[in-house]
Protein chains: 2
Amino acid sequence: MAATIKDIAKKTGLGLATVSSYLNGGNVREKNRILIEAAIQELHFEVNEVARGLKTNRTKTIGVVIPELNNVFCAEIMTEIEDIMRNHGYALVICDCRTDGIRECDAVEFLYRKRVDGLINMPVNLDGRHLRCFLDAGRPIVLIDRRLEGVDCDCVLVDNLEAAGQAVRIFLRNGHTRIGMIGGPTDVFTGQERLTGYRNALIEAGIEPEDRLIALGDYTIRGGVRCMKELLAGNPDMTAVFVANYEMTMGAVIGMNEMGIRMGEEISMIGFDNAEFARACNPKLTIVSQPIREIAWNAAELMLERLRKCGRRNEPGKEPSVCPGRVVKLATGMLEGDSVRNLAG
Amino acid sequence: MAATIKDIAKKTGLGLATVSSYLNGGNVREKNRILIEAAIQELHFEVNEVARGLKTNRTKTIGVVIPELNNVFCAEIMTEIEDIMRNHGYALVICDCRTDGIRECDAVEFLYRKRVDGLINMPVNLDGRHLRCFLDAGRPIVLIDRRLEGVDCDCVLVDNLEAAGQAVRIFLRNGHTRIGMIGGPTDVFTGQERLTGYRNALIEAGIEPEDRLIALGDYTIRGGVRCMKELLAGNPDMTAVFVANYEMTMGAVIGMNEMGIRMGEEISMIGFDNAEFARACNPKLTIVSQPIREIAWNAAELMLERLRKCGRRNEPGKEPSVCPGRVVKLATGMLEGDSVRNLAG
DNA sequence: TCATGAATCCGTAACGTTTCGGTTTTGCAA
DNA sequence: TTGCAAAACCGAAACGTTACGGATTCATGA
């Protein structure tokens with residue numbers, strides 16, 4: 001039914017190879033170019049990417065495994081990456097592993113079998129075992145948001161230490177000293193880093209971090225609610241709380257609401273991510289904002305670069321990706337609202 | 001490098017066709033089955049889906065075009081659909097068109113060229129012109145959330161009239177009569193329907209809908225803020241507002257906050273979608289909730305059914321998808337919070 | 001043991017590209 | 001005009017699978 005390269009070769013009287021060469025940007029004599037283009041028009045020819053893929057061993061497709069599509073941070077990054085990659089002819093196959101290690105393994109394996117050219121992953125598993133197949137095959141991997149020890153690949157992170165530090169210092173500047181934190185799981189990279197950043201900033205200011213002021217959740221709304229209630233119950237003297245991700249920020253707000261405590265008056269608060277939610281809070285919530293666009297741009301760029309240099313079937317001799325993994329670390333921002341009370345004023 | 005079907009044919013001494021038959025669930029003698037399985041183990045063989053795709057003219061991939069990934073409603077549906085489709089061996093290529101008609105066309109064309117087996121679309125364009133290529137090729141389409149006049153394909157909707165009606169009747173039951181509405185664009189299917197539902201419910205209760213109580217936004221947060229402020233400024237007697245999608249609900253809450261008006265006291269409110277946001281509001285927001293799981297399940301099931309019956313290359317004679325488009329309409333729920341004040345009490 | 005139908009098996013020809021190597025054509029200087 | 005390198009062209013052989021039609025094998029009953 002659909003026209004093939006053969007048809008247009010026949011129609012133009014040219015050879016297969018010439019047409020193919022034209023399609024791939026090769027040089028073709030002017031009059032032949034016109035001939036070919038006319039034939040393509042007339043027969044509505046479009047190259048069969050599958051056949052091409054079989055021959056070139058590239059699918060022009062890249063896989064993505066993320067913990068939760070239904071999560072503004074992930075979704076926003078995906079939107080941006082998808083845009084960039086599609087402009088370069090790459091389709092994005094997105095797999096949501098629901099923050100489950102097993103599902104993550106399954107997803108990676110699925111994508112491997114689908115022969116995606118590369119993998120972008122916001123990892124849930126702590127070791128890189130689930131990435132083995134891509135690593136072994138020399139297909140490029142870019143990690144986002146979380147680093148993985150012992151896995152040599154590109155990686156885009158934010159400066160979590162500094163993000164938490166900034167938040168704590170805002171509290172300090174406004175006269176707060178009993179500053180609580182709702183942190184993430186200590187076995188998650190960002191959870192660790194943000195907690196460390198909080199601790200360091202306190203110590204720098206001469207304040208000894210206290211365990212009773214730290215509640216660790218699991219990055220879920222439910223966890224945020226629980227943590228906030230715990231902190232409130234256990235620390236009547238606490239005046240401020242820093243929350244280390246978006247879901248728990250929402251949870252913390254819910255928790256305060258349910259306890260009948262007014263944010264920004266009785267308890268000051270700094271949350272994380274999602275400017276929209278922050279604006280919707282009353283009073284407006286101060287948050288750490290992550291540079292979504294930059295994260296996405298860097299991830300896409302790292303991936304595209306790898307794809308450009310390596311990946312052909314018969315790479316002559318040398319291993320393709322001997323170039324070691326690069327790490328990009330980006331700065332976060334602070335979106336100031338009215339949720340931090342000045343104790344001096 | 002990687003083992004092919006030929007290798008395992010050679011290893012086992014069997015023919016190509018026999019191995020292929022085994023791989024596709026055909027019957028093979030017990031001893032050969034064992035032979036083949038051993039060879040597959042030993043050579044780490046896995047079928048090349050691209051080659052298979054070339055031969056069968058199926059990519060086991062389906063395309064999705066949505067207006068906004070960064071939108072809880074879309075994202076949640078995608079998560080569910082992805083899960084189901086992947087369990088059936090289908091990869092999801094998701095394209096975000098950012099609520100832009102041109103981008104939507106581009107995305108559909110991109111997916112068509114990528115030769116996805118089917119298309120799931122939450123359409124932005126009003127006519128179905130962007131779907132032409134899939135329609136002509138007889139590749140299945142499933143629309144979500146919005147119907148398209150004149151396009152014959154499967155479609156999963158919710159009962160928007162009833163959703164809006166329920167909201168209005170809750171207000172009425174609590175003694176409200178001056179009920180405002182923040183609606184979507186009238187050229188968007190759901191926008192139309194929800195507005196009609198609101199109007200009908202009022203008329204049914206003997207109240208004449210008034211234009212001054214209706215503000216139309218563009219389904220964005222910004223729009224929600226603007227509409228809420230407009231309504232508040234123009235209608236000092238208004239006691240309740242129904243908001244017709246999630247983003248505008250968030251906007252409306254922001255708007256009220258910024259005007260210093262307490263939700264559930266001065267103004268009662270019913271929003272849309274996203275139970276999490278509703279819980280985070282103070283007081284808890286009453287919302288219309290859409291049956292995400294059911295929407296996703298139905299869309300996936302409709303798609304899978306089409307894929308099962310049609311699509312092979314040389315369908316003998318008959319057009320594959322003569323079976324006309326089916327429309328599934330699902331009921332919404334109501335998640336009651338404390339944002340509707342009883343004027344009688 | 002033989003015939004017989006059913007169940008398996010097999011070789012080969014596609015599917016639509018790219019690529020290898022060799023051949024023809026072109027443009028240009030002599 | 002001729003010579004010659006460079007540019008453009010070409011056919012055929014892959015890439016790894018499926019599917020057709022015919023060949024082989026099997027179990028079974030006479």
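Taking 4.0 angstrom as the limit, T56(A) places none of its side-chain polar atoms (N or O) nearer than this to OP1 or OP2 of dT18(C). Considering only side-chain N and O atoms, N27(B) lies under 4.0 angstrom from the phosphate OP1 or OP2 of dT8(C). In this structure, S20(A) reaches the dT18(C) phosphate: one of its side-chain N or O atoms is under 4.0 Å from OP1 or OP2. For the OP1/OP2 pair of dC9(C) and a distance below 4.0 Å, the side-chain nitrogens and oxygens of N32(B) include at least one atom meeting the criterion. Phosphate contact (OP1/OP2 of dA8(D), side-chain N/O of R29(A), threshold under 4.0 Å): absent.
Distance from the side chain of I5(B) is smallest for dT18(D) among the nucleotides dT18(D), dG16(D), dT18(C). Nearest nucleotide to the side chain of R52(B), out of dT17(C), dT18(D), dG16(D): dT18(D).
Between the side chain of D7(B) and the main chain of T4(B), a donor-acceptor pair closer than 3.5 Å is present.
Looking only at atom types and distance, the side chain of H130(A) has a donor-acceptor partner in the side chain of N121(A) under 3.5 Å away. The closest side-chain donor-acceptor pair between T79(B) and N70(A), if any, does not fall under 3.5 angstrom.
Nucleotide dC10(C) holds its P atom 16 Å from the NZ atom of K6(B), rounded to whole Å. Going from atom CG of L54(A) over to atom C1' of dT18(D) covers 13 Å, rounded to whole Å. Distance, R33(B) CZ to dA7(C) P: 19 Å, rounded to whole Å. E30(A) has its CD atom 17 Å from the C1' atom of dT25(C), to the nearest Å. Following rounding to the nearest Å, I8(A) (CD1) and dC10(D) (C1') show an atom-to-atom distance of 15 Å. Atom-to-atom, CG of L35(B) to P of dC9(C) comes out at 11 Å; the value is rounded to the nearest Å. Rounded to an integer number of Å, the gap from R58(B) CZ to dA19(D) P is 10 Å. Note: NZ (K114(B)) to C1' (dT17(C)) measures 14 Å, nearest angstrom.
Note on E46(A): only backbone sugar-phosphate atoms sit closer than 4.0 angstrom, heavy atoms only; bases stay farther off. Counting non-hydrogen atoms under 4.0 angstrom, V50(B) reaches nothing in the nucleic acid. The residue F45(B) sits close only to the backbone: its heavy atoms come under 4.0 Å of sugar-phosphate atoms, none of a base. Counting non-hydrogen atoms under 4.0 angstrom, L14(A) reaches the backbone sugars and phosphates but no base.
Both V19(B) and N24(A) lie close to DNA chain C; mapped to their nearest nucleotides by heavy-atom distance, the more 5′-ward contact belongs to V19(B). When each of V28(B) and A51(B) is assigned the nucleotide of DNA chain C bearing its nearest heavy atom, the one mapping closer to the 5' terminus is V28(B). Residue whose closest nucleotide on DNA chain D sits further toward the 5' end, between G15(A) and A17(B): G15(A).
Residues I36(A) and V19(A) share a closest heavy-atom pair of CD1-CA, 4.2 Å. The minimum heavy-atom distance between L54(B) and A51(A), with the atom names listed, is CD1-CB, 3.6 Å.
Interface remark: the K55(B) side chain does not form any donor-acceptor pair with the dA19(D) base, using a distance-only criterion of under 3.5 Å.
Between the CE atom in M303(A) and the SG atom in C153(A) there is a gap of 9.0 Å [rounded to 0.5 Å].
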